[in-house]
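Before any comments, here is the structure.
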Amino acid sequence: GEGEYRGGYESLGPGPGILAWFGRLQQRLVNNLSRFMPSQAMGVASAMILGDKSGLDRETRTSFARAGCSHILVVSGLHLTLLCQSVAGVFRLGRFSKARILVSIAIALSMMGLVGLTPSVNRSALTLILCSAGYLTFQKPDSLTLLALAGMLLSIRNPYAAYDIGFQLSFAATYCVIFAGWLRPRIARLPELPGKYRERRLYRQGRNLAVQILDSFFAGMVAALGTLPLLLFHRMSVSAASPFSSVLATLLGPWILGLGMALVLLTLIPGTAFLCTPLGWGVGGLVVILSKSVEWLAGLGIARLSLPREYSIYALAVLAVMVLAMVKWGHLKQLPLAAALVLGTACLVGTAMGRNVVEIQLAGTAGYPVVVLTQNGESAVLFRGGNANRSALTRTLEAEGFDHPGLLMDLRIDPSTQPPEAEKILSAWELPDGTTGTLLESVSYYLVREEDGSILLLDIAGRRAAVTVGTLEENREIP
């Protein structure tokens, strides 16, 4: 069932505890940031810099999700690294000095409280704390070991944390980025120009930028493939634009975070408004450039892919086994071509196998779910009401790569509210008994309607199914 509170609230004052204090501090910093930040950039800026997502509208969240860069909107390891480096630079702390290590641990704990113990910041903060502890005891840190230990510690605090999709995606993506950082130099290197050009400053800077772009694109591609099974398993939207958005995050992210954190700290110092105003507009301009670029990527066809769930997971498993075998046997130079052949073959076979297949999904409440039918890139929805069903329908369509269905059949007996958006809407209440028609290429329907209910009979390539609403007469004949 569903329920909602309509009134009778009573304020009990500020909440007790350290997390409540951090929550009030975060809100204060967000308010300070909003004084100097352009309004059109404030939502994304506060999410990236302070981890506050309350200012993000649905369109922005959807654009970042479709572009495969929702991780940009959460506080993660990049934030902690930049903040620790900035503080160490200001106070001239040595790289392995005890003061720097202790300051890094304090910053990590503070960011965990400020953001609210989200999976991404917990993972990165615990990894940083464990790495710092290793430096204190003169031990060389190992990324994979520290990441695994951080996951174990989070699971001790909450044994169900591993079931959280944010936890799973955060750790899977991080492992993939570590693997990509190890693999990329071994399979591809940028060519060098003749010796007389190598010492020129402009050439070195340009080559370093090219390497940075190549690394970020490759890491984004590996992370996209590594997290794809999780997205498919949880029926989430899949985007092939994530490698390109990773390049965006690499080029613009450090500037936005570095300048944004500097702006937040300046807002705490009285009399610095003359510095905060131009800095705020500068950060806001970078955020607008990032947002517009993400919107453009989200509008591309590759940003919304509809993949067969079981088949795609099987194909990715075959690819993973091949990659591990080639890494073990040392055939790294041939890995890109072999991976491209496997993925290309899987796409061709999957497209051929999925042609003309009708997929039926039930979403929403168990008693009265909404029915979603898809075939050959087209969709049709049988809607029976309910706010929970509306939300579930939106999530299901986004996972299938649709903004809204091509056709929606409204089966409600008393449609007092507007149905969900669709290219074409049919209301069973307005159609006569015995109406026939087509929902999809291989799906036709026959409507049986009475005063207290209706049945929509579906013919799916010779197979029959029925969707009911309300009640019908017991002696009513069904064709």
Side-chain angles (χ1 to χ4, degrees), residues 18-19 22-23 26 47-53 64-65 68-85 87 101-136 139-182 215-216 219-220 222-231 233-234 236 242 245-246 249-250 253-254 256-257 261:
I18 186 66
L19 290 181
F22 272 116
Q26 183 193 51
M48 291 183 64
I49 300 170
L50 296 171
D52 175 44
K53 296 185 179 181
F64 275 80
C69 55
S70 295
H71 59 280
I72 298 177
L73 300 176
V74 298
V75 174
S76 59
L78 180 60
H79 299 70
L80 297 179
T81 302
L82 286 174
L83 194 56
C84 291
Q85 290 177 348
V87 173
I101 293 172
L102 294 176
V103 167
S104 298
I105 293 175
I107 290 174
L109 293 173
S110 299
M111 290 301 293
M112 289 175 69
L114 187 67
V115 177
L117 300 179
T118 61
S120 60
V121 74
N122 286 347
R123 170 194 52 76
S124 53
L126 280 177
T127 304
L128 176 61
I129 291 172
L130 293 171
C131 181
S132 301
Y135 285 133
L136 280 176
Q139 300 294 321
K140 182 180 179 180
D142 179 76
S143 300
L144 296 178
T145 303
L146 293 180
L147 196 58
L149 185 56
M152 294 173 61
L153 292 175
L154 291 176
S155 299
I156 291 175
R157 174 182 175 272
N158 177 14
Y160 295 100
Y163 290 93
D164 180 74
I165 180 60
F167 180 99
Q168 296 170 11
L169 289 175
S170 178
F171 276 85
T174 305
Y175 273 118
C176 290
V177 170
I178 293 173
F179 178 66
W182 174 86
D215 285 343
S216 60
V222 174
L225 289 173
T227 55
L228 184 53
L230 288 172
L231 297 176
F233 180 79
H234 291 283
M236 299 177 68
S242 53
S245 62
S246 295
T250 300
I256 294 174
L257 294 177
M261 290 176 181

**OP:** Kindly write out the residues that satisfy side chain to side chain contact (heavy atoms under 4.5 Å, CB included) with Ala108, not counting sequence neighbours, or none if the list is empty.
**Re:** Ala125, Leu128, Ile129
Subject >> Heavy-atom pair with the smallest gap, counting every atom of Ala219 and Ala180 >> reply: CA-CB, 3.7 Å
Subject >> Nearest-0.5 Å distance that lies between atom CG in Leu126 and atom CG in Leu109 >> reply: 8.5 Å
Original post:
What's the shortest heavy-atom distance between Thr227 and Ala173, and which atoms?
Top reply: CG2-N, 3.8 Å
Original post:
Rounded to the nearest 0.5 Å, how far does OG of Ser170 lie from CG of Leu154?
Top reply: 9.0 Å
Original post:
Could you give the distance from CD1 (Ile256) to CE (Met48), rounded to the nearest 0.5 Å?
Top reply: 4.5 Å
Subject >> side-chain contact (heavy atoms from CB on, under 4.5 Å) assessment of Thr127 paired with Thr174 >> reply: CA-CA 11 Å; Thr127 304; Thr174 305; over 6 Å; no
Original post:
Does the side chain of Ile165 come within less than 4.5 Å of Leu231's, by heavy atoms?
Top reply: no
Subject >> All side chain to side chain donor-acceptor pair (under 3.5 Å) counterparts of Ser155, not counting sequence neighbours >> reply: none
Subject >> Note, Leu147 side chain near Ile178 side chain (heavy atom, < 4.5 Å) >> reply: yes
Original post:
Could you give the distance from CG (Leu144) to CZ (Phe179), rounded to the nearest 0.5 Å?
Top reply: 10.5 Å
Original post:
What is the distance from atom CG of Asp164 to atom CZ of Phe171, rounded to the nearest 0.5 Å?
Top reply: 11.0 Å
**OP:** Can you sort out the partners of Tyr175 under ring pair (Phe, Tyr, Trp, His ring centres under 6.0 Å), two or more places apart, ordered by chain and number?
**Re:** none
**OP:** Rounded to the nearest 0.5 Å, what's the gap from SG on Cys131 to CG on Leu149? Could you check?
**Re:** 12.0 Å
Original post:
Is there a donor-acceptor pair closer than 3.5 Å between any side-chain N or O of Gln168 and the backbone N or O of Leu230?
Top reply: no
